[in-house]
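Because the structure is a prediction, the values reported are computed rather than measured.
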Amino acid sequence: MRAALPDDVLFKVFDNLRLRKLIRAGLVCRQWRAVMYTHPTFWRDMDLFSDSPAAVDCFLVRLHASKTGRIFVNIDLPEDSPQIDLVLFSLRGHFHRLENAAFRLPEKKARVLFDTLKRPAPVLTELSILFLNVYMTASPCLDKRFLYRNVEGLVAFPHDIFNGSAPSLRNVTLSNVMLPRKTVAAFRDVHGICLTAHSCVPLPPHLLRKHFPALQQVLLCGESIFVVEGQDGNYAFPATFRELIIEGPFDTGSLKPIEAIIRRIPRISIFSPTKYDFNFLCDVNDGSSLHLRISYGDIPQPQIYIDIVNAHSRFERRYVEEVPREKEDRLHIPEILRAYEGEENWQDHVTELSVSQRLWGNENVSRWIPNLPNLRVLVVLLDGEGPFRLPSAKLNTPCLESVVLVTPLRTHILPAERVMEILEKGLTFIPSDTRLELAEGVKVVGAVDNVASVVKVSRPEPPPWIWT
């Protein structure tokens, strides 16, 4: 008779199996099934995408097998079904172990879900709630201000969720939900909130300040956004607030009622297809200098990133536009750059330019860049392969102090001839005291002429993002 594998050895073997194969392995014998029940792959990440009896039974078995371990739960059941009540009821005794929870349910199950969420959740860090089949309507008052009480169709969110106790909760996503008047005590330590809706997203700054005193970041996703309630003094975000992300609306002009507040937000990121109200999103005529960053990303869809940083206030505005793959070779000038073209003498404020290697040679972008008379620092991101695509027009750089070469790769070896090509064919001329700075991972082989010195600099750390 064959000797059985010890449980600890079998446990390590199961480390290499995904859930489906792990369950099949559990059918071999009683010992393998017992070890399978104790393995985190079986019980830690629990997804439920079907209300079939077999799927629900498997979910309940895995929930029971988790015993005292922390769990991640994702329940995605868009169709109304009595099985939803059974699954939510089974979770009630496990909220003390729930670390991450996501629910995507029909609007009819809102009351059942909220009854389930009345238990304390001491280790919960992320919560996502999305209700389907919700149709919102809103009507303004006589003075064209929107009142929250005039918003109809959204699901009313309870103030007593988690019995007021979720000390580890940091990120919350709410879709098609209306915040309550009473303070939600469980949200006191939340740092990031994502508000989404199928159509319009109501933005109540006064309620965000009330419910989320530690709020740092807001992500708004929807076809349009409108600000609800309050006078100018009631529109202030919490003192900790530092970033607003807007994704999807066709016009940022809908944020006009909080224009004064928008100007004071340290970071704003806007994703296409948004049309920009340039005048109040970023004011360049305040005597301060600007850092302009133009980079390129292709995962999952080609995108252009335009970052404008006010060097005086350190406020940052990011604009992201998708590029259809069939148009990559004839890239258009991004909308935000077109908006800038209408601002007289704004190029005079640009003191630092960071440009992606893959974009610098683009005819439209390079036609727009050259006239930067006060440029002091040029940062080139080496993110392309093959020969460096040089701009069709050279940069006018009479004040240039340093050229910085950075790379997203761990190592990037450049021959000195390639570096000189970047400098001599990309710049009008090189001032005698210009430095060449090489970020960590960039190595130049050979001697580089016409620069005062070549120095190593540390790779700049990107600012922290709560939502990725």
Which value, rounded to the nearest 0.5 Å, describes the distance between M36 atom CE and L19 atom CG?
9.0 Å

Which atom of F11 lies closest to which atom of P40, heavy atoms considered:
CZ-CD, 3.6 Å

L208 versus V218: any side-chain heavy-atom pair under 4.5 Å?
yes

Is there a donor-acceptor pair closer than 3.5 Å between any side-chain N or O of R97 and the backbone N or O of G69?
yes

Do any N or O atoms from the side chain of N176 and from the backbone of F131 form a donor-acceptor pair under 3.5 angstrom?
yes

Is there a side-chain contact between L132 and R104 (heavy atoms, below 4.5 Å)?
yes

Out of curiosity, H96 NE2 to R70 CZ, how far, rounded to the nearest 0.5 Å?
11.0 Å

Between the side chain of H211 and the main-chain N/O of V184, is any donor-acceptor distance below 3.5 Å?
yes

Run the ring-centre check on F157 versus F187 and record whether the distance is less than 6.0 Å.
yes

Within the side chain of T173, is there an N or O that forms a donor-acceptor pair under 3.5 Å with the backbone of C194?
no

Give me the atom names and distance for the closest heavy-atom approach of A101 to L124.
N-CD1, 3.8 Å

Over all atoms of both residues, closest heavy-atom pair of L117 and I129
CD1-CD1, 3.8 Å

What closest approach, in Å, do F315 and I265 show between heavy atoms, and which atom pair accounts for it?
CD2-O, 3.8 Å

Does a salt bridge link R44 with E99, judged by any charged N lying under 4.0 Å from a carboxylate O?
yes

Mind checking whether S354 and E352 have side chains closer than 4.5 Å, heavy atoms only?
yes

Please tell me if the side chains of L91 and L63 come closer than 4.5 Å, counting only heavy atoms from C-beta onward.
yes

Do V123 and L98 have side chains that approach each other closer than 4.5 Å (heavy atoms only, starting at C-beta)?
no

Note, L105 side chain near L113 side chain (heavy atom, < 4.5 Å)
yes

Going by the angle between their ring planes, with limits at 30° and 60°, are F14 and W32 parallel, tilted or perpendicular?
perpendicular

Minimal non-hydrogen separation, I75 against V73, with atom names
CG1-CG1, 3.7 Å

Any side-chain donor-acceptor pair under 3.5 Å between S175 and T196?
yes

Could you check whether any side-chain heavy atom of V406 comes within less than 4.5 Å of a side-chain heavy atom of V379, counting everything from C-beta outward?
yes

Is there a side-chain contact between L436 and V404 in this structure, where contact means two heavy atoms from C-beta onward sitting under 4.5 Å apart?
no

Backbone of T38 reached by a side-chain donor or acceptor of W43 within 3.5 Å:
yes

Option from T41, N16, V35 for which side chain to side chain contact (heavy atoms under 4.5 Å, CB included) with L22 holds:
T41

Quick one: closest heavy-atom pair of V442 and L405, and the distance?
CG2-O, 3.6 Å

